[in-house]
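If you read the sequence from its start, that first residue is 1, and numbering goes on from there. Computed from a prediction, not measured in an experiment: that's the story for all the values here.
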Amino acid sequence: MLEIAEGTYSQKFSCEEIKQKILHYTSDNENATIIGDLTKTETLPKNRVDCFICTQTFNFIYGFKDAMLGARYLLKDNGVLLATVAGLSQISRYDMGRWGDYFRFTDLSLAKIAEEAGFKSVEVVTLW
């Protein structure tokens, strides 16, 4: 199980038998077990992850389509991406100042991006 920056959800919802890994963009995160850029597959391990929990990340990456390809690249053939993205919401000033806050998504746009990235089965659930 892989998670971005920290293991909040993987620790809360998994069991001891599941190996937990943390992906971070830079090496300044002491908890990171994989240092890589989702937009650059050459920095990522291929077909290594069964489940990738990627919360509130794609809207902060300018090359979000490449990042979706990177997420698919990390996953095994039957791997699962559990992702959350911002819909209608305010700009995150914290993230804007660090790396940028670029996009908001709809269920249709997110489904199309995932399909273009090679995900075979896509289910997008929206919360109102």
Side-chain angles (χ1 to χ4, degrees):
M1 185 175 296
L2 178 66
E3 195 166 348
I4 293 283
E6 58 188 37
T8 303
Y9 296 104
S10 57
Q11 290 171 6
K12 184 174 183 176
F13 296 109
S14 70
C15 59
E16 291 181 20
E17 294 81 33
I18 295 176
K19 293 180 184 176
Q20 299 170 351
K21 298 198 177 290
I22 305 296
L23 171 66
H24 201 263
Y25 181 71
T26 62
S27 60
D28 61 346
N29 182 339
E30 63 186 34
N31 296 317
T33 54
I34 300 172
I35 306 302
D37 182 341
L38 280 175
T39 67
K40 295 179 173 68
T41 56
E42 65 272 12
T43 68
L44 303 170
K46 185 175 184 177
N47 298 329
R48 297 270 305 275
V49 177
D50 292 303
C51 180
F52 181 18
I53 301 172
C54 189
T55 57
Q56 301 303 101
T57 301
F58 292 109
N59 45 300
F60 299 106
I61 300 174
Y62 187 76
F64 66 88
K65 288 185 177 182
D66 289 332
M68 186 66 73
L69 287 168
R72 180 65 197 99
Y73 185 84
L74 284 162
L75 288 166
K76 294 178 181 178
D77 285 340
N78 292 323
V80 175
L81 171 65
L82 299 172
T84 61
V85 296
L88 296 175
S89 63
Q90 296 178 356
I91 290 173
S92 168
R93 290 286 169 204
Y94 173 82
D95 293 305
M96 179 67 112
R98 296 184 95 192
W99 38 68
D101 184 350
Y102 299 102
F103 304 101
R104 301 296 180 262
F105 298 95
T106 65
D107 52 345
L108 180 61
S109 66
L110 196 58
K112 286 187 73 74
I113 294 162
E115 288 168 359
E116 288 173 3
F119 287 90
K120 295 175 184 150
S121 176
V122 177
E123 180 180 351
V124 178
V125 176
T126 59
L127 303 175
W128 301 97

Report whether Leu69 and Val85 are members of the same hydrophobic cluster (ILVMFWY, side-chain heavy atoms less than 4.5 Å apart, transitive linking).
-> no
Polar side-chain atom of Glu3 near backbone of Gln20 as donor-acceptor pair, under 3.5 Å = no
Is there side-chain contact between Asp28 and His24, with at least one heavy-atom pair below 4.5 Å?
-> yes
Begin with the C-alpha distance, continue with both residues' side-chain angles, and end with the deciding distance and a verdict on side-chain contact (heavy atoms from CB on, under 4.5 Å) for Leu74 and Leu38.
-> CA-CA 9 Å; Leu74 284 162; Leu38 280 175; 3.8 Å; yes
Determine whether Leu75 and Phe119 make a side-chain contact, defined as any pair of heavy atoms from C-beta on separated by less than 4.5 Å.
-> yes
Tyr62 and Tyr25: same hydrophobic cluster, using ILVMFWY side-chain contacts below 4.5 Å?
-> no
Drop me the distance from Asn47's CG to Tyr73's OH, to the nearest 0.5 angstrom.
-> 8.0 Å
If two hydrophobic side chains count as joined below 4.5 Å and joins carry through other members, does Trp99 share a cluster with Ile35?
-> no
Phe103 atom CZ, over 12 foreign heavy atoms within 6.0 Å = yes
Separation between CZ (Phe60) and CG (Asp95), nearest 0.5 Å, reads 4.0 Å
Of all heavy-atom pairs linking Ile53 and Ser10, the shortest is CD1-N, 4.0 Å
Any side-chain heavy-atom pair of Phe58 and Phe105 under 4.5 Å | yes
Polar side-chain atom of Thr43 near backbone of Asp37 as donor-acceptor pair, under 3.5 Å | yes
Connected via hydrophobic side-chain network under 4.5 Å: Ile22 and Leu44 | no
Closest non-hydrogen atom pair, Ala67 against Ile61 = CB-CD1, 3.8 Å
Take atom CG of Asn78 as the centre, draw a 6.0 Å sphere, and report whether it contains more than 12 heavy atoms from other residues, nucleotides or ligands.
-> no
In Å, rounded to the nearest 0.5 Å, how long is the span from CE of Met68 to NZ of Lys112?
-> 13.5 Å
Does Arg98 pair with Asp101 as a salt bridge, N-O distance under 4.0 Å?
-> no
If you measure from CD1 on Ile4 to OG1 on Thr57, what distance do you get to the nearest 0.5 Å?
-> 4.5 Å
Please say whether more than 12 non-hydrogen atoms of neighbouring residues, nucleotides or ligands are located less than 6.0 Å from CD in Glu42.
-> yes
CD1-CG distance between Ile34 and Leu2, expressed to the nearest 0.5 angstrom | 5.0 Å
Between SG of Cys51 and CG of Leu82, what distance do you get to the nearest 0.5 Å?
-> 4.5 Å
For Leu81 and Cys54, which heavy atoms make the closest approach, and how far apart are they?
-> CD1-CB, 3.9 Å
